[in-house]
Protein chains: 2
Amino acid sequence: MAKTAALPAPDAADRAGRRTGLEREDIVAAALVLVERAGPAALTMRRLATELGVGTPTIYWHIANRDELVSEVVRLQSTRLAETKVTGKTARERVYRAARHIWTSSIEHRSITSLAHQAGMSSLLTHHLEAALVMELEAAGLVGSDAAEASRAILTTIVGALVIALRDVSASPPDYRPDALWAATNAAITPATRNALRTASDLDALSAVTLHAIVDHFVPA
Amino acid sequence: MAKTAALPAPDAADRAGRRTGLEREDIVAAALVLVERAGPAALTMRRLATELGVGTPTIYWHIANRDELVSEVVRLQSTRLAETKVTGKTARERVYRAARHIWTSSIEHRSITSLAHQAGMSSLLTHHLEAALVMELEAAGLVGSDAAEASRAILTTIVGALVIALRDVSASPPDYRPDALWAATNAAITPATRNALRTASDLDALSAVTLHAIVDHFVPA
DNA sequence: ACCTGAACACCGTTCAAGT
DNA sequence: ACCTGAACACCGTTCAAGT
């Protein structure tokens, strides 16, 4: 209904050329809320502008383009995630906990995670948590390229599990969904294994196991 | 220049209502070529139709919508990747080689991999290779949920490295690129480690190391 | 059965014109 | 300096009309 271009909304006409008090931060904050509420696809310039009660081009006065907006949203979320203490007795355990925290908080805010991931900005999203991870790695005795390599291997493992966990199975036609594929495959696979592959996996548990294996491999006991 | 809508292309007018001999497979094959040549973003219905020399709605007679097109492209690529033998002496080594093959072929066809990944269809892309991996896992003595879990852990690890390897750093503003972030961070991190984090990593080598660690963890010697 | 032009409802982005 | 409506060049998708 708000589509009747015939009569221009009177308040909008009044506002023409006059300050709205809108700041860059407000736009980014509103975008973050919009994504969390309605998913990454809902973040369009027009919808965001409507949400803010301004004209679409107004956003472009404060922010260069959509890519910049997305990176600001991701960065904002990144700083919000940063405020957590790492606990644990052994150095290994603390590294594991720091890594695990990246996983849980990414899952908790899955819409933002998907957004970051679609835009190729997963590393921006996790940067602060990664810094915490690196500090624990150094505390565990790893420095320089050893610490960098370990941190990257751990990050990689988490991101992979996230991609699988957050993918949208409903996008594929039914025949091409994992369970259908394993049911139809003619590879020489035991029925028991085939059945196990068909059932959805507990990625939270799987990620925990994989993470333990990687941490144990890179961090001395 | 081919944009002059004033005079309709005479051959297009002649073709109106008459068979073009276009098949579903041709469309999918052309889409695959288009993506490999011009990247995932180039796959629009209009551009594909132009490439095929038909009107855009023609595609919709053969294929329901863009999602279905993408899944067919991914599936076609998946079958093409399937024709490789796994070598290696020990069972562990054969598992590793099968896993490694998923990585190398995904990197080789990075445009299709990115497309699959954006559409949340990475598991469709790797399905045949995954089946080969599962067979090696069974040969190594794993069955049922053990085999499924190991295969998923391995897949997850590969996908994670792929996401990092194929992400487009140029999409982020310079300040938010990994090296800039590590240069600017005020976390208590040794200069040596900080420098190591700033330099781009050899993800091919990193993926190999991580993969070895995971395979060794899940597959008995 | 198969293909077309035209149209609909969306995008991101730009720009002259307002205050 | 900040905000607007209108417009441009794109999308995916639908549909009546052609053969």
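So that the names make sense, note that chain A is the first sequence line, chain B the second, and so on, each numbered from 1.
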| said: For C:dT19, give the paired nucleotide (Watson-Crick: N1-N3 plus N6-O4 or O6-N4; G-U: N1-O2 and O6-N3; both under 3.5 Å), or none. | reply: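 C:dT19 is paired, partner D:dA1.
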Legend entry - G-U wobble or Watson-Crick pairing nucleotide for D:dC8 (cut-off 3.5 Å, both distances):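 Base partner found: C:dG12.
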[X] [atom1] - [N] [atom2] separation (whole Å):
X: A:D67; N: C:dC11; atom1: CG; atom2: C1'; answer: 14 Å
X: A:M45; N: D:dC3; atom1: CE; atom2: P; answer: 14 Å
X: A:R66; N: D:dC10; atom1: CZ; atom2: C1'; answer: 15 Å
X: B:R47; N: D:dC11; atom1: CZ; atom2: P; answer: 9 Å
X: B:E68; N: D:dT13; atom1: CD; atom2: P; answer: 11 Å
X: A:I27; N: D:dC2; atom1: CD1; atom2: P; answer: 11 Å
X: A:L69; N: C:dC11; atom1: CG; atom2: P; answer: 14 Å
X: B:I63; N: D:dT14; atom1: CD1; atom2: P; answer: 14 Å

Margin query: Is it the case that the side chain of B:T199 and the backbone of B:A196 share a donor-acceptor pair, with hydrogens and angles ignored and the cut-off at 3.5 Å?
Written below: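 It does hold such a pair.
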### Query
Does any N or O in the side chain of B:S78 come within less than 3.5 Å of the main-chain N or O of B:V74, such that one atom is a donor and the other an acceptor?
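No, B:S78 side chain to B:V74 backbone: no donor-acceptor pair under 3.5 Å.
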* Asked: Out of curiosity, B:H117 NE2 to B:T126 OG1, how far, rounded to the nearest 0.5 Å?
  ->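 Answer for the NE2-OG1 pair, B:H117 versus B:T126, is 11.5 Å.
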**OP:** Could you tell me the separation between the OG1 atom of A:T104 and the CZ atom of A:R97, rounded to the nearest 0.5 Å?
**Re:**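 A:T104 OG1 to A:R97 CZ: 11.5 Å, rounded to 0.5 Å.
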Of the nucleotides [options], which has the atom closest to the [X] side chain?
X: A:V54; options: C:dC3, D:dT4, D:dG12; answer: D:dT4
X: A:T58; options: D:dT4, C:dG12, C:dA6; answer: D:dT4
X: B:P57; options: C:dG12, C:dT4, D:dG12; answer: C:dT4
X: B:Y60; options: C:dT14, D:dG12, C:dT13; answer: D:dG12

Notebook entry, point to check: Does B:H62 put a side-chain nitrogen or oxygen below 4.0 Å from OP1 or OP2 of C:dC3?
Noted result: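 For B:H62, the contact criterion (side-chain N or O under 4.0 Å from OP1 or OP2 of C:dC3) is met.
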- Could you tell me whether A:R24 and A:E72 have a side-chain N and a carboxylate O separated by less than 4.0 Å?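 Yes, charged N to carboxylate O under 4.0 Å.
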If each of B:R46 and A:T56 is mapped to the nucleotide of DNA chain D with the nearest heavy atom, which maps nearer the 5' terminus, i.e. the 5' end?
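This one resolves to A:T56.
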